[in-house]
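Everything quoted here is computed from the prediction, not taken from an experiment.
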Amino acid sequence: MIEVEVFTAPGCGKCGRAKDILKAVVERMADAGVRWREVNILDEMDHAVQMGVLSTPALAIDGELVFASLPSEKKLRQALQQRLGRPLS
C-alpha cells in the first residue's frame, strides 16, 4: 500500500482545485494499492514539522516529503509509477 499525504492549511488558495485534481488521480489508482490522506497542518502540526513541511500545499509519499508544492498530475503519476515499479493506466 502506498500512502499519499497532501499537507494543507485552512484558507490556502493554492490547495483547493489542484488538491481535488490530484486526489482524483490517486483514487483512480486505488486498485493498485494507492491511498490518499489529507493532512491539515493546524490539526497535525507535529507531523507536518517532522515531515519537513515548510509551506502548503506539500505532498508526501510513504512518509517522505516528495513535493514541496503540489505537482502536476503527470509528475504525481510518474512518482507513483516509480514507487510501484510498473506503469499505471
Side-chain angles (χ1 to χ4, degrees):
M1 177 68 66
I2 294 176
E3 182 174 65
V4 177
E5 295 176 291
V6 62
F7 292 84
T8 64
C12 171
K14 296 178 182 178
C15 297
R17 187 177 182 316
K19 177 186 69 181
D20 292 340
I21 291 168
L22 297 176
K23 182 177 181 182
V25 170
V26 172
E27 287 176 346
R28 286 193 306 263
M29 298 177 182
D31 62 336
V34 181
R35 185 172 61 141
W36 176 270
R37 181 170 105 84
E38 184 174 347
V39 179
N40 179 326
I41 64 164
L42 297 181
D43 294 338
E44 299 186 51
M45 181 69 73
D46 290 341
H47 179 56
V49 169
Q50 182 181 21
M51 294 293 297
V53 174
L54 299 176
S55 64
T56 59
L59 197 125
I61 301 174
D62 286 340
E64 175 187 349
L65 186 63
V66 177
F67 298 102
S69 61
L70 287 177
S72 67
E73 179 180 340
K74 180 179 178 180
K75 286 185 179 186
L76 177 57
R77 287 180 62 82
Q78 289 172 340
L80 293 173
Q81 287 174 342
Q82 189 174 42
R83 297 225 179 224
L84 288 168
R86 60 186 163 89
L88 298 171
S89 54

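No more than 12 heavy-atom neighbours from other residues, nucleotides or ligands sit within 6.0 angstrom of CZ on R35. The environment of CD in Q78 is crowded: more than 12 heavy-atom neighbours from other residues, nucleotides or ligands sit within 6.0 Å.
At a threshold of 4.5 Å between non-hydrogen side-chain atoms, the residues E64 and R83 count as touching. The shortest distance between side-chain heavy atoms of E38 and T8 falls below 4.5 Å. Between L76 and M29, the closest side-chain pair of non-hydrogen atoms is not below 4.5 Å. No side-chain heavy atom of I2 sits less than 4.5 Å from a side-chain heavy atom of V26.
Residues V39 and V6 do not share a hydrophobic cluster, defined by chaining ILVMFWY side chains whose heavy atoms lie under 4.5 Å apart. No chain of hydrophobic side-chain contacts below 4.5 Å, direct or via other Ile, Leu, Val, Met, Phe, Trp or Tyr residues, connects I61 to M51. The hydrophobic clustering, which links ILVMFWY residues whose side-chain heavy atoms are closer than 4.5 Å, places V4 and L65 apart. Hydrophobic clustering (ILVMFWY, side-chain heavy atoms < 4.5 Å, transitive): V53 and L70 are in distinct clusters.
In this structure, NZ in K19 is found 12.0 Å from CG in L59, a value given to the nearest 0.5 Å. Note that NZ of K75 and CZ of F67 are 7.5 Å apart. Values are rounded to the nearest 0.5 Å. How far CZ of R28 is from CZ of R77: 6.5 Å, rounded to the nearest 0.5 Å. Atoms CD and CH2, on E5 and W36 in that order, are 10.5 Å from each other to the nearest 0.5 Å.
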Worked check of side-chain contact (heavy atoms from CB on, under 4.5 Å) between I21 and E73: CA-CA 7 Å; I21 291 168; E73 179 180 340; 4.1 Å; yes

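Contact detail for F7 and A48: the closest heavy-atom pair is CE2-CA, 3.9 Å.
Checked by atom type and distance alone, the side chain of N40 never pairs as donor or acceptor with a backbone atom of A9 at under 3.5 Å.
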